[in-house]
A.B. asks: 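This is the structure I have questions about; it appears just below.
Nothing fancy with the numbering, it's 1 onward along the sequence. Just follow the structure's listing: the first ligand is 1, and inside any ligand the first atom is 1.
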Amino acid sequence: TVAFSACLASGVSAQSLTVGFSQIGSESGWRAAETTVTKQEAEKRGIDLKFADAQQKQENQIKAIRGFIAQGVDAILVAPVVATGWEAVLKEAKEEEIPVILLDRQIEAPEDLYLTAVTSDQVHEGKVAGEWLVKDVGDKECNVVELQGTTGSSPAINRKKGFEEAIAGHDNIKITRSQTGDFTRTKGKEVMESFIKAEGGEQDICAVYAHNDDMAVGAIQAIKEAGLKPGSEIKIVSIDAVPDIFKAMADGEANATVELTPNMAGPAFDALEAYLNDKKEPPKWIQTESKLYTAADDPMKVYESKKDLGY
Ligand code: GYE
């Protein structure tokens, strides 16, 4: 009986993990898809997911994480809005032996404070976007305006860096304006309007580099309202590969995007289950793929295929 109930007990605990998820918010289409996929993955695996939306604020995330610790969850997923300021709360989780997995953004903290991070290589994404532009413009002069992601977030820092690395040494390509659009459509549009206005009618913007597709979609809107042609007069390159950017590509209004999978939770839960059930330590970084899509890649077909991915 003892062996039987022990076996039953461990079987039950493996089936009914409780995991807290501190999500950033719903700033982008990609973010909403990640939330959907995470909930679906949890349900598939019989994981009880406690979901907390931080509305873009780190203080809300820290509060949510403390709440999860107090509830005694088995593990915590966190998509960290900014890269710094996590050490204290992660130490609290560690003291309670609650493993923490980072989703989609990296942090600046000692590695022993989290189990693993499931993210793309964001420097590489920026590089892929920049290399696409280098090839596309050839020897022409090209002034680029940049829409940055959330200030202090790892994707904003790294996507800027990677793009700058790609255009370094190509003196015909310059970033002439760069500002944050906070990864949202609304701010992407606003900032692009101010960029166009600052040109004072002597429009000299050859390309927009947006750290995500949502800001690019906002910029496309601003460009059209200014009577200019996105995709041809002003090239558009961005990151995420959300369905709407493929629609824009099909309409000739966007040019290239770098794909980011919204399924960060699948690999995260795999690593967590292997760790809790079999004591298997995952690598500190589980890297997702980045693939370039251009308008030549049958955008409406890609658009259709995105529907099953939480979009
Ligand atoms: O690209 C953007 C989102 O953290 C890498 O956050 C992620 C980024 C993603 O809001 O759309």
A.B. asks: Would you call R31 and D214 a salt bridge, using N to O less than 4.0 angstrom?
C.D. replies: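 Looking at D214 together with R31, the answer is no, because their closest N to O distance does not fall below 4.0 Å.
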
A.B. asks: Geometry only, no angles: is E27 polar-contacting ligand 1 at N/O separations under 3.5 Å?
C.D. replies: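 Yes, at least one N or O pair falls under 3.5 Å.
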
A.B. asks: When you compare ligand 1 with S28, is there at least one nitrogen or oxygen pair between them that comes in under 3.5 angstrom?
C.D. replies: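 It does: an N or O of S28 is found under 3.5 Å from an N or O of ligand 1.
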
A.B. asks: Within the structure, does H211 bring an N/O atom to less than 3.5 angstrom of an N/O atom in ligand 1?
C.D. replies: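 So ligand 1 has no N or O lying under 3.5 Å from an N or O of H211.
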
A.B. asks: I'd like to know if E34 contacts ligand 1, where contact means a heavy-atom distance under 4.0 Å to any ligand atom.
C.D. replies: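 Distance cut 4.0 Å: E34 fails for ligand 1.
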
A.B. asks: Salt-bridged, K94 to E97, with N to O below 4.0 Å?
C.D. replies: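 Looking at E97 together with K94, the answer is no, because their closest N to O distance does not fall below 4.0 Å.
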
A.B. asks: Among protein heavy atoms, which sits nearest to atom 7 (C) of ligand 1, and what does the distance come to when rounded to 0.1 Å?
C.D. replies: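 The closest heavy atom on the protein side is D104 OD1, 3.3 Å.
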
A.B. asks: Among all protein heavy atoms, pick the one closest to atom 5 (C) of ligand 1 and tell me residue, atom and distance.
C.D. replies: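 The closest heavy atom on the protein side is R159 NH2, 3.4 Å.
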
A.B. asks: Under 4.0 Å, counting heavy atoms only: does L260 come that close to any atom of ligand 1?
C.D. replies: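 Per 4.0 Å heavy-atom rule, L260 contacts ligand 1.
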
A.B. asks: Using a strict cut-off of 4.0 Å, indicate which atoms of ligand 1 neighbour a heavy atom of Q122.
C.D. replies: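 It comes down to these atoms of ligand 1: 5 (C).
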
A.B. asks: Does a salt bridge link E199 with R177, judged by any charged N lying under 4.0 Å from a carboxylate O?
C.D. replies: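 Result for this pair is yes, salt bridge flagged.
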
A.B. asks: Answer with side chain, backbone, both or neither: which part of D213 has a heavy atom less than 4.0 angstrom from an atom of ligand 1?
C.D. replies: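 The answer is neither.
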
A.B. asks: Could you tell me whether R45 and D270 have a side-chain N and a carboxylate O separated by less than 4.0 Å?
C.D. replies: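 Answer for the salt bridge query: yes.
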
A.B. asks: Main chain of P110, side chain of E87: is a donor-acceptor contact present, judged purely on distance under 3.5 Å?
C.D. replies: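 Here the side-chain-to-backbone pair does not exist.
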
A.B. asks: Are E131 and K135 close enough for a salt bridge, meaning some N to O gap below 4.0 Å?
C.D. replies: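 Salt bridge absent between E131 and K135.
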
A.B. asks: Need the ligand 1 atom indices (1-based, order shown) with element for anything under 4.0 Å from a heavy-atom of D240.
C.D. replies: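 Numbered from 1, ligand 1 contributes 1 (O), 2 (C), 9 (C), 11 (O).
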
A.B. asks: Please determine if K279 forms a cation-pi arrangement with Y275, meaning its NZ or CZ atom is less than 6.0 Å from the six-membered ring centre and no more than 45° off the ring axis.
C.D. replies: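 Cation-pi check for K279 and Y275: passes.
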
